[in-house]
Trainee: 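Okay, here's the structure, questions in a sec.
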Amino acid sequence: MNSFRYTKMHGLGNNYIYVNMFEENLKEEDLSSIAISVSNIHTGIGSDGMILICPSDVADVKMRVFNNDGSEAKNCGNGLRCVAKYAFEHALVKDTNFKIETISNIVKAIVHLENDAVSLVTINMGEPIFQRSLIPISGEEQEFAKDQILFEDELHSFIGVSMGNPHAVFEVRDIKNAPLTTLGPYVEKHELFPESVNVEFIECLPHNEINFVVWERGSGVTQACGTGACAAAVAMVQEGKYNKDEPITVHLQGGDLQITWSSDGDVWMKGPAVTITEGIYYL
Ligand SMILES: N[C@@H](CCC[C@H](N)C(=O)O)C(=O)O
């Protein structure tokens, strides 16, 4: 019988099935359907998707991310923190400071230990991209992508950001009334986004704090999105609401992340990573 070992982990409730590809051998052509299968809450394990921890030629480990609809994503902030925890605790790396390759770039991870286990992880996520064609968003080129979408007779303004994957950040007055499950899926598949998009609704608070909810491309509502939190923070710094080099606390549904856009251009994310359970999945 075909089977593989897995670990279920979460970062602020954004949960994935992690597979150690140093030991397991899943066929490339099966990855998308396995991601759909394990993610199913009724007939699988139940998750926001599947993440593979793979050998890398250019870093210490490589992360591959599949959403729960089987699509492959280029980056995942919460996934990076969990991969870092897994890699350190399973001795795939020896140092507390190491590199993780993603499809979009190579990031630096620093694990923070509590009684020999990794409790918090800091990731240098690299530089955000605001250029319209690189996010990508169709239409006339802009250095700083801003646009509007008409939905139910109302224009909704957003800022586009890529953190290796595409995001549309909508600022709202009151997060409790954000149109998460209506405008969220509409924007995800809107023609402006040729690769579709992750959709964030945020409420800016005084003292470097942001309330945040997300509709993720390929997964729908999740409890948290690390790249989305980075996108929201840098968009608001770019708008002049907050300052570079000052940590911004992003309150997600699953808990808090600390995001700092440093004046050298890099975005830092700090937050928890948690192991839930391990097991064998039968295909
Ligand atoms: N949850 C993630 C992002 C996962 C991928 C995303 N849905 C996409 O398709 O780009 C995060 O924590 O960043």
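Here the structure is a predicted model, which means the values were calculated and not measured.
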Trainee: Does Arg81 use its side chain to pair, donor to acceptor, with the backbone of Pro272 at less than 3.5 Å?
Mentor: yes

Trainee: To check you understand the geometry: which heavy-atom pair defines the closest contact between Asn78 and Gly11, and what is its length?
Mentor: CG-O, 3.6 Å

Trainee: Test your reading of the model: is there a side-chain donor-acceptor pair from Asp69 to the backbone of Ser71, 3.5 Å cut-off?
Mentor: yes

Trainee: Are Phe201 and Val221 connected, step by step, through hydrophobic side chains (Ile, Leu, Val, Met, Phe, Trp, Tyr) whose heavy atoms are closer than 4.5 Å?
Mentor: yes

Trainee: Out of Ile53, Leu52, Leu31, which residue meets the side-chain contact (heavy atoms from CB on, under 4.5 Å) rule with Val19?
Mentor: Leu52

Trainee: Do Met269 and Val237 belong together in a cluster built from hydrophobic side chains that touch within less than 4.5 Å?
Mentor: yes

Trainee: With a 4.5 Å heavy-atom cut-off, do Pro128 and Gln238 have their side chains touching?
Mentor: no

Trainee: Can you confirm whether more than 12 heavy atoms, excluding those of Asp116, are under 6.0 Å from its CG atom?
Mentor: no

Trainee: Under the 3.5 angstrom rule, does the side chain of Lys8 hit a backbone N or O of Gly46 as a donor-acceptor pair?
Mentor: yes

Trainee: Working to the nearest 0.5 Å, report the span between CD1 of Ile123 and CG of Asn75.
Mentor: 9.5 Å

Trainee: Suppose the criterion is salt bridge (charged side-chain N to carboxylate O under 4.0 Å, His left out): which pairs have a residue in residues 238-255, not counting sequence neighbours?
Mentor: Lys146-Glu239, Glu171-Lys241

Trainee: Step through the shown structure and confirm whether more than 12 heavy atoms of other residues, nucleotides or ligands are within 6.0 Å of CD on Glu23.
Mentor: yes

Trainee: Could you walk me through whether Ile100 and Val61 pass the side-chain contact (heavy atoms from CB on, under 4.5 Å) check?
Mentor: CA-CA 5 Å; Ile100 305 175; Val61 293; 3.9 Å; yes

Trainee: Under 4.5 Å between side-chain heavy atoms, counting indirect links through other Ile/Leu/Val/Met/Phe/Trp/Tyr residues: same cluster for Val267 and Ile106 or not?
Mentor: no

Trainee: Using the salt bridge (charged side-chain N to carboxylate O under 4.0 Å, His left out) rule, collect all pairs that involve residues 182-196, keeping only residues at least two apart or in two chains.
Mentor: Lys74-Glu195

Trainee: For residues Cys76 and Val65, report the shortest heavy-atom separation together with the two atoms involved.
Mentor: CB-CG2, 3.7 Å

Trainee: For Leu80 and Met125: C-alpha separation, side-chain torsions, deciding distance, then whether side-chain contact (heavy atoms from CB on, under 4.5 Å) applies.
Mentor: CA-CA 9 Å; Leu80 281 167; Met125 299 288 287; 3.8 Å; yes

Trainee: Are side-chain heavy atoms of Gln253 and Thr222 found at a separation under 4.5 Å?
Mentor: no

Trainee: Measure the spacing between CD of Glu72 and CD1 of Ile103 and express it to the nearest 0.5 Å.
Mentor: 3.5 Å

Trainee: To the nearest 0.5 Å, how far apart are CG in Asn211 and CG in Asp174?
Mentor: 9.0 Å

Trainee: Which pairs count as salt bridge (charged side-chain N to carboxylate O under 4.0 Å, His left out) when at least one residue sits in residues 27-36, sequence neighbours excluded?
Mentor: Glu28-Arg64

Trainee: Step by step, work out the side-chain contact (heavy atoms from CB on, under 4.5 Å) result for Leu113 and Val118.
Mentor: CA-CA 5 Å; Leu113 304 179; Val118 175; 3.7 Å; yes

Trainee: Which heavy atom of Val187 sits nearest to which heavy atom of Phe193, and what is that distance?
Mentor: O-CD1, 3.5 Å

Trainee: So Asn15 and Gln223, do their side chains get closer than 4.5 Å, heavy atoms only?
Mentor: no

Trainee: Does some side-chain heavy atom of Ile51 sit less than 4.5 Å from a side-chain heavy atom of Cys82?
Mentor: no

Trainee: For residues Ala178 and Val213, report the shortest heavy-atom separation together with the two atoms involved.
Mentor: CB-CG2, 4.2 Å

Trainee: What residue pairs, at least two apart or across chains, pass ring pair (Phe, Tyr, Trp, His ring centres under 6.0 Å) with a residue in residues 15-71?
Mentor: none

Trainee: Salt bridge (charged side-chain N to carboxylate O under 4.0 Å, His left out): which pairs involve residues 196-205, sequence neighbours left out?
Mentor: none

Trainee: So, the side chain of Ser56 versus the backbone of Lys62: is there a donor-acceptor pair under 3.5 Å, distance only?
Mentor: no

Trainee: If two hydrophobic side chains count as joined below 4.5 Å and joins carry through other members, does Leu252 share a cluster with Ile202?
Mentor: yes

Trainee: State, with a plain yes or no, whether a side-chain heavy atom of Leu183 is found less than 4.5 Å away from one of Val199.
Mentor: no

Trainee: Per the ring pair (Phe, Tyr, Trp, His ring centres under 6.0 Å) rule, what does the pair list look like for residues 72-109, sequence neighbours excluded?
Mentor: Tyr86-His90

Trainee: How many angstroms lie between CD1 in Ile17 and CD1 in Ile276, if you round to the nearest 0.5 Å?
Mentor: 7.5 Å

Trainee: Just by distance, with hydrogens left out, do Glu141 and Ser133 show a side-chain donor and acceptor under 3.5 Å apart?
Mentor: yes

Trainee: Within the side chain of Ser219, is there an N or O that forms a donor-acceptor pair under 3.5 Å with the backbone of Asp48?
Mentor: yes

Trainee: Looking at every heavy atom in both Ser47 and Gly49, which two are closest together, and how far apart are they?
Mentor: OG-O, 2.9 Å

Trainee: Calculate, to the nearest 0.5 Å, the distance between atoms OG1 and NE2 belonging to Thr275 and His10 respectively.
Mentor: 9.0 Å

Trainee: So, do Val111 and Val121 sit near enough that their side-chain heavy atoms are less than 4.5 Å apart?
Mentor: yes

Trainee: Under 3.5 Å, side-chain donor or acceptor atoms of residues 150-163 against the rest of the protein: list the pairs with distances, not counting sequence neighbours.
Mentor:
from: Ser157; atom 1: OG; to: Gln148; atom 2: NE2; distance (Å): 3.3
from: Ser162; atom 1: OG; to: Gly164; atom 2: N; distance (Å): 3.1

Trainee: Is there side-chain contact between Leu92 and Asp60, with at least one heavy-atom pair below 4.5 Å?
Mentor: no

Trainee: For Arg217, is there any backbone N or O sitting under 3.5 Å from a side-chain donor or acceptor partner on Asn67?
Mentor: yes

Trainee: Pairing donors with acceptors under 3.5 angstrom, does anything connect the side chains of Asn165 and Thr227?
Mentor: yes

Trainee: If the condition is ring pair (Phe, Tyr, Trp, His ring centres under 6.0 Å), which residues does Tyr281 pass it with, not counting sequence neighbours?
Mentor: Phe4

Trainee: How is the hydrophobic cluster of Trp268 composed, in terms of its other members, when Ile, Leu, Val, Met, Phe, Trp and Tyr link through side-chain heavy atoms under 4.5 Å apart, directly or indirectly?
Mentor: Ile110

Trainee: Is there side-chain contact between Asn177 and Val172, with at least one heavy-atom pair below 4.5 Å?
Mentor: no

Trainee: Among all residues two or more places apart in sequence or in another chain, which pass the ring pair (Phe, Tyr, Trp, His ring centres under 6.0 Å) test with Phe212?
Mentor: none

Trainee: With sequence neighbours left out, what residues match His251 under ring pair (Phe, Tyr, Trp, His ring centres under 6.0 Å)?
Mentor: none

Trainee: For a quick test of reading the model, state the closest non-hydrogen atom pair linking Arg132 to Ser138 and the distance between them.
Mentor: NH2-O, 2.6 Å

Trainee: Do we see a donor-acceptor contact under 3.5 Å between the side chains of Ser262 and Asp266?
Mentor: no

Trainee: Would you call Arg5 and Glu24 a salt bridge, using N to O less than 4.0 angstrom?
Mentor: yes

Trainee: Tell me, with the steps shown, if Leu283 and Ile34 meet side-chain contact (heavy atoms from CB on, under 4.5 Å).
Mentor: CA-CA 8 Å; Leu283 290 166; Ile34 294 173; 3.9 Å; yes

Trainee: Quick check on the hydrophobic clustering: are Ile129 and Val107 connected, directly or via other members, by side-chain heavy-atom contacts under 4.5 Å?
Mentor: no

Trainee: Output every pair passing ring pair (Phe, Tyr, Trp, His ring centres under 6.0 Å) with a member in residues 127-147, not counting sequence neighbours, ordered by first then second residue.
Mentor: Phe130-Phe144, Phe130-Trp261

